Amino acid sequence: MIELLKAHTVSFLKDTYQKEIFATTITINKTPEDFVGDFTIVVFPLAKIAGARPDTIAEQLGNYLLKHATGISQFNVVKGFLNISIHNNYWIHFLQQHSNNPLFGFTASQHRRVMIEYGGPNTNKPLHLGHLRNILIGYSVSEILKAAGYDVIKVNIYNDRGVHICKSMLAYQLFGKQETPQSSGMKGDHLIGHYYVVYENELRRQLAEYTSQGLTEDEAKQKAPLALAVKEMLLKWEQGDEVVRSLWRKMNGWVYEGFDETFARIGCDFDKHYYESDTYLLGKTLVEEGLAQGVFFKKADGSVWIDLTADGLDEKLVLRADGTSVYITQDIGTADVRYRDFPCERMIYTVANEQDYHFKVLKLICQKLNKPYAGGIHHLSYGMVDLPSGRMKSREGTVVDADDLISEMEQTAAEQSAALGKLDQFNEEEKKVLFYNLGMGALKFYILRVDPKKRMVFNPEESIDFHGFTGPFIQYTHARICSLLRKAGNAVEYSSMTSDYPLHDLEKALIRYLHEFPHVIHEAAAQFSPSLLANYLFALAKEYNQFYQELSVLNAQAEEEKQFRLQLSGFTASVLNRGLKLLGIIAPDRM
RNA sequence: GGUCCGGUAGCUCAGUUGGAUAGAGCAUCAGCCUUCUAAGCUGAGGGUCAUUGGUUCGAAUCCAAUCCGGAUCACCA
């Protein structure tokens, strides 16, 4: 409809003023509540181009549209704004045309492949709130992109090697006493996380001992037995020492089991997992190529660098003097392997914004190496999650564990539901499923409703709220509609609909919201922003609840009215249900 | 110090390429369940859009400066 109005506006300017403009320069908004109309054309820019007074040209354009564009019932001009009213027919037809389409708003595959990386945990501790935001954003953006017609490959990268991994290995070796997830009753990732903490504590104790003897912090780090032992272990790992490697395999195996369990609970999935231990040596050959091409240069000590000062950045090391690779080198190599595995037009990295600089460098280097995928590299940069008390600090034990958090959400859902006492018809298994869906609905929505780019505050008390701007509010609206449809049975007869149905304001307002759904999905995909969708779904649910409150569906005056409202309700439920699905949230039929 | 990101109601957040009187939720206060699920609906109060200047018909939005907060600038990952 908006496209139609734009097209007519373009031809109006051509016919009346002999001016050629692009449709994109025309601004058309939804008409605000306080004015009469459905869409509003902002005519100031047009007046400037045409060299006429805004109200004059608005009047002219209004008449022109009335004459040439179908579906317009009337218009009015307020200052430089042309408010256009659309015939009720248009909305009614729209509803009839799309309400039974289970794919309304979704675009069929355009055979354009994009890859998206998310997750990216280290294998030395369990997942926490920060990972959760990463995973929820990555998963949701993937689903939104699919809905917008892309073929999406979801990949995960395990940072499974390096000093940090050796730390928990060493602590386990020294203090572990052959403990296993089975013997300790701990999830694998939590068990390994425990030994990571043991290492940190023990190291701090040793450092304190040395500094109390008068050594500086740095000197103490040079001497502390634990720090030395870790370095030695890392060296052995790199040399392929079988004892170290088998310990590493065993412990990482436990971690993966733990992660798999958590991923399943979160409800995310991956098409492929990459392991840093497989890829950390890659990139070296690319550096060799780059050296030959003159993209990189070698310093006197043999280290290899790239000069990015012309691009406003610094000189960046890509290979150490001893020939070993650094983080950025691995990433170059990994990108190359991924592109070979899955040729795609975009590679999206869901990584926190503390690595903005790193990804600028990565993209620049790939561009300078003339890699075909370089232009498609996109850093989906999201903000940190803070607590009301400030930043999460592992040292102060304020890190919110993902598994604990999910359990607490389920628990809260159970309590809230029990307080309302609506679950008489549920058996135990059904209750369990419901509490899970509601708890996760609350948690996921709470995190996804915020623009990914922005830093956010996670307030535990607020996150378990089930009222207002929350997941359960939308789930509730959906369940309400399902209840209506159940009671109506199969009596829904859409065919009886006539186009002169007297559309109520609340019905029209609701249809207008539904009308926006495809646009919202495209916008959310274009901006990689689930929050746009989350905000939309909330507004839609709110609008429905208003409608539901004011107008009776099952007890409507006329049969036609009842059928119409059932159809409208069913359509709303479908959009809510599928919209939530894109956020990774399941909408129960009853609650 | 250089670079990047942010500052909107008491709190958490929207505000779609610059558009009409800046919006939600929570919290506070006042109403609505003998009729479709009250996890709901209606209403009230609450704002110097960090500050100052600029651009123009029009600025929370764009530009500049300043203040405040955060990130980053590792031969860590």
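As the structure is a computational prediction, the values presented were derived from the model and not from experiment. A note on names: the letters A, B, ... follow the listed sequences, proteins ahead of strands, and every chain is numbered from 1. No hydrogens, no waters, no symmetry mates; every other heavy atom, side chains included, goes into these values.
- Distance noted for atom C1' between B:rU8 and B:rU55: 23 Å (whole Å).
- A donor-acceptor pair shorter than 3.5 Å cannot be found between the side chains of A:T470 and A:D465.
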Between the protein and nucleotides 39-47 of chain B, which nitrogen or oxygen pairs come in under 3.5 angstrom?
from	atom 1	to	atom 2	distance (Å)
B:rA39	OP1	A:K422	NZ	2.2
B:rA39	O3'	A:H467	ND1	3.3
B:rA39	N6	A:S417	OG	3.3
B:rG40	OP1	A:G468	N	3.1
B:rG40	OP2	A:H467	ND1	2.8
B:rG40	O2'	A:R480	NH1	3.1
B:rG40	N2	A:Q549	NE2	3.3
B:rC41	O4'	A:Q549	OE1	3.3
B:rU42	OP1	A:Q546	NE2	3.2

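- Using a 4.0 Å heavy-atom criterion, one finds that A:D589 contacts the bases of the nucleic acid, with or without backbone contacts as well.
- On the C1' atoms, B:rC5 is 27 Å away from B:rG19, given to the nearest whole Å.
- Distance, A:D451 CG to B:rG25 C1': 17 Å, rounded to whole Å.
- Taking atom CG of residue A:D55 and atom P of nucleotide B:rA20, one finds them 18 Å apart after rounding to whole Å.
- Closest-nucleotide positions on RNA chain B for A:D356 and A:K30 were compared, and the one nearer the 5' end corresponds to A:D356.
- Between A:P588 and A:H478, the closest heavy-atom pair is O-ND1, 3.0 Å.
- If you take CG of A:L448 and C1' of B:rA14, they are 15 Å apart, rounded to a whole angstrom.
- At the heavy-atom level, A:T40 lies under 4.0 Å from base atoms of the strands shown.
- Listed by first and then second residue, the side chain to side chain donor-acceptor pair (under 3.5 Å) pairs that reach into residues 40-54 of chain A are A:T31-A:T40, A:T40-A:N83, A:R53-A:D55, sequence neighbours excluded.
- When all heavy atoms of A:Q330 and A:S325 are compared, the pair lying nearest together is CG-OG, 4.2 Å.
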What pairs of nitrogen or oxygen atoms, one from the protein and one from nucleotides 8-12 of chain B, lie under 3.5 Å apart?
from	atom 1	to	atom 2	distance (Å)
B:rU12	O2'	A:E462	OE1	3.4

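- Sequence neighbours left out, the pairs with a member in residues 545-556 of chain A that pass side chain to side chain donor-acceptor pair (under 3.5 Å) are A:T477-A:N545, A:R480-A:N545.
- Remark: ring of A:F81 does not overlap the six-membered base ring of B:rG19 in a stacked fashion, as centroids less than 5.5 Å apart with planes less than 30° apart are not both met.
- Judged by atom type and distance alone, A:N83 reaches the base of B:rA20 through a side-chain donor-acceptor pair under 3.5 Å.
- Nucleotides B:rA9 and B:rC32 place their C1' atoms 26 Å apart, quoted to the nearest Å.
- Under a 4.0 Å N-O distance rule, the pair A:E315/A:K299 qualifies as a salt bridge.
- Contact annotation for A:K453: no contact, since no heavy-atom pair falls under 4.0 Å across all strands.
- Geometric assessment of A:R449 against the ring of A:F538 yields a negative cation-pi assignment under the 6.0 Å and 45° thresholds.
- A salt bridge between A:R512 and A:E516 is absent, with no side-chain N of the basic residue lying under 4.0 Å from a carboxylate O of the acidic one.
- Applying the 4.0 Å criterion to OP1 and OP2 of B:rC36, one finds that A:S552 has every side-chain N and O outside that range.
- Note: CZ (A:R455) to P (B:rG7) measures 13 Å, nearest angstrom.
- Among residues at least two apart or in separate chains, salt bridge (Lys or Arg N to Asp or Glu O under 4.0 Å) pairs with a member in residues 226-235 of chain A are A:E232-A:K236.
- Annotation for A:L286 and A:F296: closest pair O-CE1, 4.1 Å, computed over non-hydrogen atoms.
- Atom P of B:rU17 sits at a distance of 13 Å from the matching atom of B:rU61, rounded to the whole Å.
- At a threshold of 4.0 angstrom between heavy atoms, the contacts of A:I28 with the nucleic acid are absent.
- Comparing the P positions of B:rA74 and B:rC67 gives a spacing of 25 Å, expressed to the nearest Å.
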Could you list the protein-to-nucleotides 57-64 of chain B atom pairs, N/O on both sides, closer than 3.5 Å?
none

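- A:N134 and A:Y382 share a donor-acceptor pair across their side chains, judged by distance under 3.5 Å alone.
- Here B:rU16 presents its P atom at 15 Å from OH of A:Y513, a figure rounded to the nearest Å.
- For the C1' atoms, the distance from B:rG7 to B:rU66 is 14 Å, rounded to whole Å.
- Note: A:W237 and A:W248 have perpendicular aromatic rings, judged against thresholds of 30 and 60 degrees for the angle between ring planes.
- Every side chain to side chain contact (heavy atoms under 4.5 Å, CB included) that A:A509 has, sequence neighbours left out, goes to A:E543.
- B:rG46 and B:rU52 have their C1' atoms separated by 27 Å, with the value rounded to a whole Å.
- The separation of B:rG53 from B:rU16, taken at their P atoms, amounts to 25 Å, rounded to a whole angstrom.
- With sequence neighbours excluded, no residue forms a ring pair (Phe, Tyr, Trp, His ring centres under 6.0 Å) with A:H164.
- Using modelled atom types and a 3.5 Å distance limit, the side chains of A:N124 and A:Y199 yield no donor-acceptor pair.
- Rounded to a whole Å, the CD1 atom of A:I474 is 17 Å from the P atom of B:rA24.
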**Nucleotide pairing, RNA chain B (Watson-Crick or G-U, distances under 3.5 Å), in dot-bracket with [ ] and |** = (((((((..((((.....[...)))).(((((.......))))).....(((((..]....))))))))))))....
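- Glycosidic conformation at B:rC36 (O4'-C1'-N9-C4 for purines, O4'-C1'-N1-C2 for pyrimidines): anti, more than 90° from 0.
- Distance, A:K360 NZ to B:rA71 P: 16 Å, rounded to whole Å.
- Residues passing the side chain to side chain donor-acceptor pair (under 3.5 Å) test with A:D589, sequence neighbours excluded: none.
- Distance, A:N535 CG to B:rG23 P: 16 Å, rounded to whole Å.
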Restricting both atoms to N or O, compile the protein contacts to nucleotides 72-77 of chain B shorter than 3.5 Å, with distance only.
from	atom 1	to	atom 2	distance (Å)
B:rC73	O2'	A:D314	OD2	2.9
B:rC75	O3'	A:R320	NE	3.4
B:rC75	N4	A:D301	OD2	2.5
B:rC76	OP2	A:R320	NE	3.2
B:rC76	OP2	A:R320	NH2	3.2
B:rC76	O5'	A:R320	NH2	3.4
B:rA77	OP1	A:R320	NH2	3.2
B:rA77	O3'	A:E276	OE1	3.1
B:rA77	O3'	A:E276	OE2	3.0

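- Here the closest heavy-atom approach between residue A:K284 and residue A:T329 is recorded as N-CG2, 4.2 Å.
- When the side chain to side chain contact (heavy atoms under 4.5 Å, CB included) test is applied to A:V399, the partners found at least two apart in sequence or on another chain are A:H128, A:M392, A:S394.
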